[in-house]
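The block underneath contains the structure these notes are about, expressed in structure tokens.
To find a chain, count down the sequence lines: A is the first, B the second, and so on, and within it residues start at 1.
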Amino acid sequence: MRMSKLFVQTLREYPSDAEVVSHKMLARAGYIRKLTSGVYNYLPLMWRVLKKIENIVREEMDNAGAQELLMPFVQPKELWEESGRWDAYGKELMRLKDRHDRIMCLGPTHEEIITAVARDGLKSYKQMPVNLYQIQSKFRDEVRPRYGLLRGREFIMKDAYSFDTSEEGLDKEYNNMARAYKKIFERCGLDTKMVQSDSGAIGGSVSHEFMVITDTDAGENDVFYCDCGYSANSNHAVSKLPEVVVDGKKYFSETKIVDTPNTHSIDELCEFLSIPSTIILKTLVYIVDKKPVLALIRADKTVEETKLMNSVGGMDIRIASSAEIAELMAEHGFDAVAGFIGPCGMTGIPIVADETVRDMKNFVVGINQTDKHQVGANLSDLGLDEIKYADIRLVEAGDFCPECGKSLKVTKGIEVGNIFKLGTKYSKPMNAVYLDKNGKSHPYVMGCYGIGISRTAAAAVEAHYDEHGIKWPIAIAPYHVVIVPVNIQDELQMKVAEKMYEDLKNAGVEVVIDDRDERAGVKFKDADLIGFPYRVTVGKTINEGLVEYKIRETGDVEKVTPEVAVEHLVEIVKNIK
RNA sequence: CGGGAUGUGGCGCAGCUUGGUAGCGCACCUCGCUUGGGACGAGGGGGUCGCACGUUCAAAUCGUGUCAUCCCGACCA
């Protein structure tokens with residue numbers, strides 16, 4: 001490719017709306033342009049990168065025995081009603097009508113469609129197991145798109161779905177996919193961790209996420225991990241706790257109600273009573289699937305919303321507003337504001353207590369009266385009808401590993417892939433069945449496996465950049481090398497550059513020649529910004545028969561003959577895998 | 001959804017307070033000059049100032065509404 005013809009426009013400055021590294025870099029280097037919120041044009045350089053990632057994914061999926069197909073982007077409402085997700089999915093599902101007023105949606109994922117495809121063509125145990133995948137654009141109408149390609153509304157994803165006759169078969173395929181994923185991300189030049197995670201709206205039991213570990217702002221997930229190998233997303237992580245005081249008898253000799261004016265926060269309450277937060281029972285009001293739920297937890301800990309939601313089998317959770325709290329209080333004959341809520345007398349609504357609550361004795365608790373708390377209280381004395389215990393606690397760095405007991409560490413990660421065991425979550429309601437040896441029908445045992453293609457590209461930038469621009473891993477770089485003749489008026493420089501260009505092209509190296517009539521500085525800046533893994537500069541030293549060979553990643557420079565440079569590059573490209 | 005901010009050429013911004021011919025830098029086109037880390041000079045093209053309504057002799061500027069975009073929050077009572 002000739003730089004003079006390449007459709008790319010680099011910018012002198014970063015676009016003002018870009019926040020994270022990958023967004024800034026990709027926009028400035030001319031890879032992407034925003035069309036509308038969360039929706040981007042993939043310009044030629046970007047598309048080359050995306051195709052490289054797609055091809056790696058394709059090869060490894062095919063190697064792992066999966067088969068590629070392509071399903072529609074626009075989908076009918078009916079299938080989503082069959083699975084029950086038409087109502088459950090929420091506003092992220094972009095719904096629309098066609099000219100006949102038929103209701104459709106844009107595919108945010110394809111479980112419904114693939115299950116229907118399988119139902120249609122997968123009738124016998126003899127055809128199984130089978131794993132089908134596609135690489136498709138998806139659309140999720142995110143509340144708040146941000147971070148460029150990392151959290152867009154439209155994005156490219158590889159999604160695979162496996163069909164088995166048994167749990168054992170699913171386990172096997174699950175591990176097969178985990179291995180394939182590991183290979184895929186390695187080939188893309190990405191260091192990933194496979195972490196346990198919540199299975200969310202997709203449903204199912206077991207799931208893992210593949211996280212690119214990054215120190216940039218773009219890491220959206222907290223990953224807890226341990227040297228022993230344990231690692232989990234914060235929405236799923238569990239831990240053992242360090243020993244702390246959970247008995248308040250040292251502070252309170254008897255059970256009584258005390259005035260605690262203006263103690264709206266735990267900090268204020270601790271200060272007012274001169275006690276540690278570990279002997280306060282914190283009560284929070286959540287709205288799960290539009291209904292109130294009370295969460296009880298030791299006050300030095302934080303509720304993990306996803307865990308709480310799962311504990312009551314919900315699909316949607318948020319903290320209650322002060323108006324909702326007031327309403328709830330009124331319904332139960334109380335009149336208290338946040339800060340003084342307690343479980344006592346809250347009949348008829350689910351109460352979930354974190355495991356930390358079990359051991360608490362003689363604690364402090366709200367009693368649904370503003371500016372008052374009960375001290376020296378015990379759960380058995382509170383006269384509660386039914387409490388459900390569950391682990392609804394957010395793990396913190398320093399908690400102990402649930403497997404080996406050592407201290408957990410925390411890091412930020414960008415999720416680039418996930419694998420789920422779905423079981424019969426979709427096949428059952430959608431009546432997608434096969435016949436076994438005895439002619440009996442059973443629902444498929446399914447798994448699903450996703451990789452964010454466009455997100456992987458962005459994550460790669462987050463993981464590989466410097467102040468000058470992108471440093472693509474060679475396997476996913478848009479081109480392998482750029483040849484920069486410093487002065488295109490110089491006949492010898494141009495002659496050598498053109499010769500190398502032809503030789504490299506003929507040898508299968510993806511090469512760009514920067515034949516623009518620009519000053520050297522401009523060409524170097526662009527080369528760094530765009531992130532070609534290698535640069536060969538043909539300048540004055542060509543008079544001694546030498547060119548400059550530079551590695552973007554390390555910055556290492558070497559003077560070599562054009563022939564040696566070509567040899568190096570051909571060799572490097574041959575070894576990409 | 002709550003809070004904050006911003007919409008002026010492809011990108012980055014000024015102008016708005018105090019209404020009066022729409023500006024600057026980068027990018028783009030032409031010529032000259034320059035050629036190892038985003039040169040320089042001269043000339044040039046490109047904008048219904050987000051949109052609508054209103055006030056006014058006159059609106060980018062003032063008012064109302066609306067749309068869009070971005071940031072923060074939506075997890076501790």
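One interatomic measurement links the two molecules: NE2 of A/His23 to P of B/rC70, which rounds to 8 Å at whole-angstrom precision. For the pair A/Tyr286 OH and B/rC75 P, the computed distance is 7 Å after rounding to whole Å. A/Asn235 has its CG atom 14 Å from the C1' atom of B/rC75, to the nearest Å. Straight-line distance from the NZ atom of A/Lys525 to the P atom of B/rC26: 17 Å, rounded to whole Å. The CG atom of A/Asp514 sits 13 Å away from the C1' atom of B/rG37 (whole-angstrom rounding). As a whole-Å value, the separation of A/Ile287 CD1 from B/rA74 P is 17 Å. Here the P atom of nucleotide B/rC75 and the CE atom of A/Met309 are 12 Å apart, to the nearest Å. Rounding to whole angstrom units, CZ of residue A/Arg516 and C1' of B/rA27 are separated by 12 Å.
Under the Watson-Crick and G-U wobble criteria, each requiring two contacts below 3.5 Å, nucleotide B/rC1 is paired to B/rG73. Pairing partner, B/rG23: B/rC13, with both Watson-Crick or wobble hydrogen-bond distances short of 3.5 Å. Under the Watson-Crick or G-U wobble criterion, with both distances below 3.5 Å, B/rG43 is paired with B/rC29. Base pairing of B/rU6: its partner is B/rA68, meeting the Watson-Crick or G-U wobble criterion (both donor-acceptor distances under 3.5 Å). Taking a pair to require two hydrogen-bonding distances under 3.5 Å in either a Watson-Crick or a G-U wobble arrangement, B/rU55 remains unpaired. Nucleotide B/rU35 is matched to nothing when pairs are restricted to Watson-Crick or G-U wobble geometry with both distances under 3.5 angstrom.
Closest approach to the A/Glu19 side chain among B/rG36, B/rC71, B/rG38 is made by B/rC71 (side chain taken as heavy atoms from C-beta onward). Distance from the side chain of A/Glu305 is smallest to B/rC75 among B/rG38, B/rA74, B/rC75. Closest contact between the side chain of A/Leu529 and the listed nucleotides B/rC13, B/rG38, B/rU35 involves B/rG38. Across B/rC72, B/rG38, B/rU35, the shortest atom-to-atom separation from the side chain of A/Val486 is found for B/rU35. Comparing B/rC71, B/rG38, B/rC70 by their closest approach to the side chain of A/Thr10 singles out B/rG38. If you check B/rC71, B/rG38, B/rU35 against the side chain of A/Asp517, the one that comes closest is B/rU35.
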### Query
What's the verdict on side-chain contact (heavy atoms from CB on, under 4.5 Å) for A/Arg318 and A/Tyr286, showing C-alpha distance, side-chain angles and the deciding distance?
CA-CA 6 Å; A/Arg318 60 182 173 80; A/Tyr286 281 89; 6.0 Å; no
### Task
Mind running salt bridge (Lys or Arg N to Asp or Glu O under 4.0 Å) on A/Lys301 and A/Asp354 for me, showing each step along the way?
CA-CA 10 Å; A/Lys301 293 295 161 190; A/Asp354 183 66; over 6 Å; no
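For the P atoms, the distance linking B/rC75 with B/rG9 amounts to 38 Å, nearest Å. B/rC49 sits 6 Å from B/rA60 when the P atoms are compared, rounded to a whole Å. As rounded to the nearest Å, B/rC26 and B/rC67 have P atoms that lie 38 Å from one another. Going from the C1' atom of B/rA27 to that of B/rG20 covers 32 Å, rounded to whole Å. To the nearest whole angstrom, the two C1' atoms, one in B/rU48 and one in B/rA59, are 14 Å apart. Spacing between B/rG7 and B/rA42 at atom P, rounded to whole Å, works out to 31 Å.
The base of B/rG37 sits with one of its N or O atoms less than 3.5 Å from a complementary donor or acceptor on the side chain of A/Lys550. A donor-acceptor contact under 3.5 Å is not formed by the side chain of A/Asn487 with the base of B/rG36. Scanning atom types as modelled, one donor and one acceptor separated by under 3.5 angstrom connect the side chain of A/Gln489 and the base of B/rU35. A donor-acceptor contact under 3.5 Å is formed by the side chain of A/Glu548 with the base of B/rG36.
Using a 4.0 Å cut-off between charged side-chain N and carboxylate O, A/Asp300 and A/Lys282 make no salt bridge. For the pair A/Asp141 and A/Lys91, the salt-bridge criterion is not met [side-chain N within less than 4.0 Å of a carboxylate O].
When heavy atoms are screened at a 4.0 angstrom cut-off, A/Asp490 is found touching no nucleic acid atom at all. Base contact: A/Glu13 has a heavy atom under 4.0 Å from a base atom. If you check every strand for non-hydrogen atoms under 4.0 Å, A/Thr263 touches nothing. Nucleic acid contact class of A/Arg28 (heavy atoms, under 4.0 Å, all strands): base. Using a 4.0 Å heavy-atom cutoff across all strands shown, A/Lys91 reaches no nucleic acid atom at all. Among the heavy atoms of the strands lying under 4.0 Å from A/Arg535 is at least one base atom, whether or not backbone atoms are also near. Using a 4.0 Å heavy-atom cutoff across all strands shown, A/Val285 reaches at least one base atom of the nucleic acid. If you check every strand for non-hydrogen atoms under 4.0 Å, A/Leu394 touches a base. Residue A/Ile341 is classed as having no contact, given no heavy-atom separation below 4.0 Å to the nucleic acid. Base contact: A/Ala338 has a heavy atom under 4.0 Å from a base atom. Heavy atoms of A/Leu269 sit nowhere under 4.0 angstrom from any nucleic acid atom.
In this structure, A/Arg33 forms no cation-pi arrangement with A/Tyr40, as its terminal cationic atom is not both closer than 6.0 Å to the ring centre and no more than 45° off the ring axis. A/Phe224 does not carry A/Lys409 over the face of its six-membered ring by the limits of under 6.0 Å from the centre and within 45° of the normal.
Nearest heavy atom pair, residue A/Pro343 against residue A/Val365, reads CD-CG2, 3.7 Å.
Look at A/Lys540 and you'll find a side-chain N or O under 4.0 angstrom from OP1 or OP2 of B/rG36. Between A/Ser16 and B/rU6, a side-chain N or O to OP1/OP2 separation shorter than 4.0 Å is absent. For A/Thr537 and B/rG36, the shortest distance from a side-chain N or O to OP1 or OP2 is not below 4.0 Å. In this structure, A/Arg146 does not reach the B/rU69 phosphate: none of its side-chain N or O atoms is under 4.0 Å from OP1 or OP2. For B/rU69, the OP1/OP2 oxygens have a side-chain nitrogen or oxygen of A/Thr36 closer than 4.0 Å. In terms of phosphate contacts, A/Arg519 brings no side-chain nitrogen or oxygen within less than 4.0 Å of OP1 or OP2 of B/rU34. In terms of phosphate contacts, A/Lys34 brings a side-chain nitrogen or oxygen within less than 4.0 Å of OP1 or OP2 of B/rC70.
For the 3.5 Å distance criterion, the side chains of A/Glu268 and A/Thr263 fail to qualify, holding no donor opposite an acceptor. The closest side-chain donor-acceptor pair between A/Ser22 and A/Glu462 falls under 3.5 angstrom.
Where A/Gln9 and A/Leu284 each meet RNA chain B at their nearest nucleotide, the meeting point lying more 5' is that of A/Gln9. The 5' end of RNA chain B is approached more closely, in terms of each residue's nearest nucleotide, by A/Arg153 than by the other of A/His264 and A/Arg153.
Of the listed residues (A/Thr537, A/Leu569, A/Val566), just one forms a side chain to side chain contact (heavy atoms under 4.5 Å, CB included) with A/Tyr549, and that residue is A/Leu569.
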